[in-house]
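Quick caveat, the model's predicted, so the values are computed rather than measured. A, B, ... follow the sequence lines: proteins, then strands. Residue 1 opens every chain. Note: hydrogens, waters and symmetry copies are ignored here, and every other heavy atom, side chains too, is used.
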Amino acid sequence: MTSPYFRIADLAPHAGTSVTVQGWVTHLRSKGKIAFIVLRDGTGVIQCVIVKGQVDEITWARFAELTQETSVKISGELRADARAPGGFELAVQELEILGLSPLDYPIQPKEHGIDFLLDHRHLWLRSNRQRAIARVRNELEQSIHDFFYERGFLRVDTPLLTAAIGERSGLFSTEYFDEGNAYLAQTGQLYGEAAAAAFGKIYTFGPTFRAEKSKTRRHLTEFWMIEPEVAFNDSDDNMRLQEELVSYLVQRVLERCKAELSELERDTSRLEPVRAPFPRVDYSDAVAILQAKGSSIQWGDDLGAEDESLLVEDHDRPIFVVNYPREAKAFYMKENPADPRTVLCNDCLAPEGYGEIIGGSQREDDHDRLLQRIREEELPEDAYGWYLDLRKYGTFVHSGFGIGLERTVAYICGLPHLREAIAFPRMMHRLRP
RNA sequence: UCCCCAGUAGCUCAGUUGGUCAGAGCAUCCGACUGUUAAUCGGACGGUCGUAGGUUCAAGUCCUACCUGGGGAGCCA
């Protein structure tokens, strides 16, 4: 076998020559003396045509052994053909079976229930749709790094094993030598603040864990979060950074993932208007708007999922809801000098029902006020000693936010559920595969 | 933790007021076919109706409990 080996995505310029590809059989169609093999290699799909009489008897017999997901090596002439999906097809000359696949391959090119698909997630990933999602996710991850790198941010990796610190919601715990329990990190933010005091502009990028017993399309127990923290940024600076980031991400995926968005049947006209600036809605105004729309929300309540959708439905891009009541938010957010009932924070709500993709705030930089908030929340004071040090030794105005990667992937891809936005989702009832 | 929904063939589902209700399509197997696009056509194989009790002459169908999963609330990204 002398013809050169290519990935399917790289085949097009080699039409008219003899090539070799390797991949998995995704589809077999036999029409008697002519048959078709749809081959997938992760970069793309190509139809291979095998004709009785044009290959030797051994090769023709070998075709009959093929099953879905058999891995093969095929050589033949690549030619343009309008009848082939993708416009090219491979006229099979040599066919080598690399690994047979038994007849019980569970995923069919048919409808399946979500329970079944999640049980077979390791195989479900082989579908065109899952490949498209994975590629958009990858583009987003790369875009996030590029965005921050170009703006002089330092990436800081924060610990996943922590003492009790962070958000109020559920913690996963594990024994940690003689130190008692360690907890899987729910956020890197507090460490990010320490890093911002050291390095100025930083971001974290990593997995976070929440042991919330939530069963909804918007929650995972393990998800990836990006948390920038910027010294001397106030809440307004913080929102400008957020809208720049989200716009950058959406526009870049629109540019570079056209085929993937098409595979996902995403209505890109809903993404094209996503450019800074985003509208800002004060929390108190939001409550009035929602009440006018019939919501039962009262001043002081956090926004429910329904409320979020109602607020964004009038806009063609994400919006910010700013300055929530103190009671609805975390202890580390800075009191709003203009209205001490509220704190300097924002949620970024995506359109089309995707809801909160970012939560951000200016941090409390006054040592005594922060200590008071820790005591009010009855948090373990000794665990926050180092965090208070950041206000003791040269305190500084600073702000940051957390953007959920899976929620961003789901929004941009138009996915109905977060579980498709990550290769192996972790949910309350899903620990395997 | 709470509320709602579902569990029938390998998969997706239908199954009426309890009474030929053990069904279909797909997958798989056998056969036909030289341009298929989830090919088509003919035939075959395939089920302890989630589990355990109960009501009844009779339960896939009604009742109770449990198990498994899904959707939502709360919480958040």
| field | salt_bridge(R137(A), E141(A)) N-O dist < 4.0 Å | value | yes

| query | In terms of side-chain geometry, is the basic nitrogen of K329(A) or D347(A) positioned less than 4.0 Å from the acidic oxygen of its partner? | reply | yes

| Looking across every strand, which nucleic acid part, if any, lies under 4.0 Å from I358(A) by heavy atom: base, sugar-phosphate, or nothing? | sugar-phosphate

| note | When both distances are under 3.5 Å in a Watson-Crick or G-U wobble arrangement, the nucleotide paired with A14(B) is none

| Counting side-chain heavy atoms from C-beta on, which of U34(B), G71(B), C76(B) comes nearest to K215(A)? | G71(B)

| note | Rounded to whole Å, the CD1-P distance (I357(A) to C76(B)) equals 18 Å

| Using purine N1 to pyrimidine N3 plus N6-O4 or O6-N4 for Watson-Crick, or N1-O2 and O6-N3 for G-U wobble, both under 3.5 Å, which nucleotide pairs with A22(B)? | none

| Picking from C76(B), C11(B), A77(B), which would you name as closest to the side chain of Q108(A)? | C11(B)

| For the student: nearest non-hydrogen atoms of P318(A) and F278(A), plus distance | O-CB, 3.2 Å

| query | According to the Watson-Crick and G-U wobble definitions, with both distances under 3.5 Å, which nucleotide is paired to G60(B)? | reply | none

| message | Classify the ring geometry of H145(A) against Y203(A): parallel below 30°, tilted from 30° to 60°, perpendicular beyond 60°. | response | tilted

| field | Earlier contact from the 5' end, RNA chain B, for A305(A) and L103(A) | value | L103(A)

| Rounding to a whole Å, what distance do you find between E327(A):CD and C75(B):P? | 13 Å

| message | Just the rounded figure in Å: distance from P of G69(B) to CG of L431(A). | response | 12 Å

| query | Can you find a donor-acceptor pair, distance only, under 3.5 Å between E89(A) side chain and G35(B) base? | reply | yes

| Between U17(B) and U64(B), how far is it from one C1' atom to the other, in whole Å? | 23 Å

| message | Base, sugar-phosphate or nothing for L418(A)? Non-hydrogen atoms, less than 4.0 Å. | response | base

| For the student: nearest non-hydrogen atoms of V281(A) and I319(A), plus distance | CG2-CD1, 4.3 Å

| query | Starting at CG of L171(A) and ending at C1' of C76(B), how long is that distance when rounded to a whole Å? | reply | 13 Å

| said: Base, sugar-phosphate or nothing for H120(A)? Non-hydrogen atoms, less than 4.0 Å. | reply: nothing

| Which whole number of Å gives the distance between the C1' atom of G43(B) and that of C33(B)? | 16 Å

| field | Salt-bridge present (R40(A), E69(A); N to O < 4.0 Å) | value | yes

| Face-to-face contact F223(A) to A77(B) six-ring, under 5.5 Å, under 30° | yes

| Among C11(B), A73(B), G71(B), which nucleotide sits nearest the side chain of T216(A)? | A73(B)

| note | Nearest-nucleotide check on RNA chain B, G359(A) vs K31(A); residue mapping nearer the 5' end is K31(A)

| said: Once hydrogens and angles are ignored, does a donor-acceptor distance under 3.5 Å link the base of U36(B) to the side chain of Q47(A)? | reply: yes

| task | Starting at atom NZ of K213(A), determine the distance to atom P of C2(B), rounded to an integer number of angstrom. | result | 10 Å

| query | Picking from U12(B), G70(B), U34(B), which would you name as closest to the side chain of K33(A)? | reply | U34(B)

| field | Ring geometry between Y283(A) and Y324(A) (parallel below 30°, tilted from 30 to 60°, perpendicular above 60°) | value | tilted

| What is the nucleic acid contact for D115(A), judged by heavy atoms within less than 4.0 Å: base, sugar-phosphate only, or nothing? | sugar-phosphate

| task | Considering only atom P, compute the distance from G15(B) to G46(B) and round it to an integer number of Å. | result | 25 Å

| If the C1' atom of U16(B) is compared with that of C21(B), how far apart are they to the nearest Å? | 11 Å

| task | Looking only at side-chain atoms of H219(A), point me to the closest of U12(B), C75(B), G72(B). | result | C75(B)

| request: Check every atom of C76(B), U12(B), G70(B) against the side chain of E111(A) and return the nucleotide holding the closest atom. | output: U12(B)

| Nearest of G35(B), U12(B), G70(B) to any side-chain atom of F116(A)? | U12(B)

| Which nucleotide, A77(B), C75(B), U34(B), lies nearest any side-chain atom of E356(A)? | A77(B)

| request: Would you classify E406(A) as touching base, sugar-phosphate or nothing, given that sugar-phosphate means primed atoms plus P, OP1 and OP2, and contacts are heavy atoms under 4.0 Å? | output: nothing

| Do the numbers put R151(A) on top of the ring of F147(A), so that NZ or CZ is under 6.0 Å from the six-membered ring centre and no more than 45° off the axis? | yes

| Distance in angstrom units between M427(A) CE and G72(B) C1', rounded | 15 Å

| request: Quote, to the nearest angstrom, the C1' distance that separates U55(B) from C63(B). | output: 7 Å

| Is there a donor and acceptor pair, one atom on the side chain of R430(A) and one on the base of G70(B), closer than 3.5 Å? | no

| task | Provide, to the nearest angstrom, the distance between the CG atom belonging to D81(A) and the P atom belonging to U36(B). | result | 11 Å

| message | Taking any heavy-atom pair under 4.0 Å as a contact, classify S30(A): base, sugar-phosphate, or nothing. | response | base

| Nucleotide paired to U28(B) in any strand shown, Watson-Crick or G-U, under 3.5 Å | A44(B)

| task | Identify the nucleotide, in any strand shown, that forms a Watson-Crick or G-U wobble pair with U68(B), with both distances under 3.5 Å; if there is none, say none. | result | A6(B)

| task | Give none if A73(B) has no partner; otherwise give the nucleotide forming a Watson-Crick or G-U wobble pair with it, both distances under 3.5 Å. | result | U1(B)

| Are the charged groups of K293(A) and E313(A) less than 4.0 angstrom apart, N to O? | yes

| request: Looking at every strand, decide which applies to G404(A) at a 4.0 Å heavy-atom threshold: base, sugar-phosphate, or nothing. | output: sugar-phosphate

| query | Has R217(A) got a side-chain N or O lying under 4.0 Å from the OP1 or OP2 atom of A73(B)? | reply | no

| message | Without decimals, in angstroms, what is the distance between E212(A) CD and G72(B) P? | response | 15 Å

| query | Looking only at atom C1', what distance separates G35(B) and U40(B), rounded to whole Å? | reply | 13 Å

| request: Please state the C1' separation for the pair A73(B) and C13(B) - nearest whole angstrom. | output: 30 Å

| message | Distance check, P atoms only: G60(B) and U34(B), in whole angstrom units. | response | 49 Å

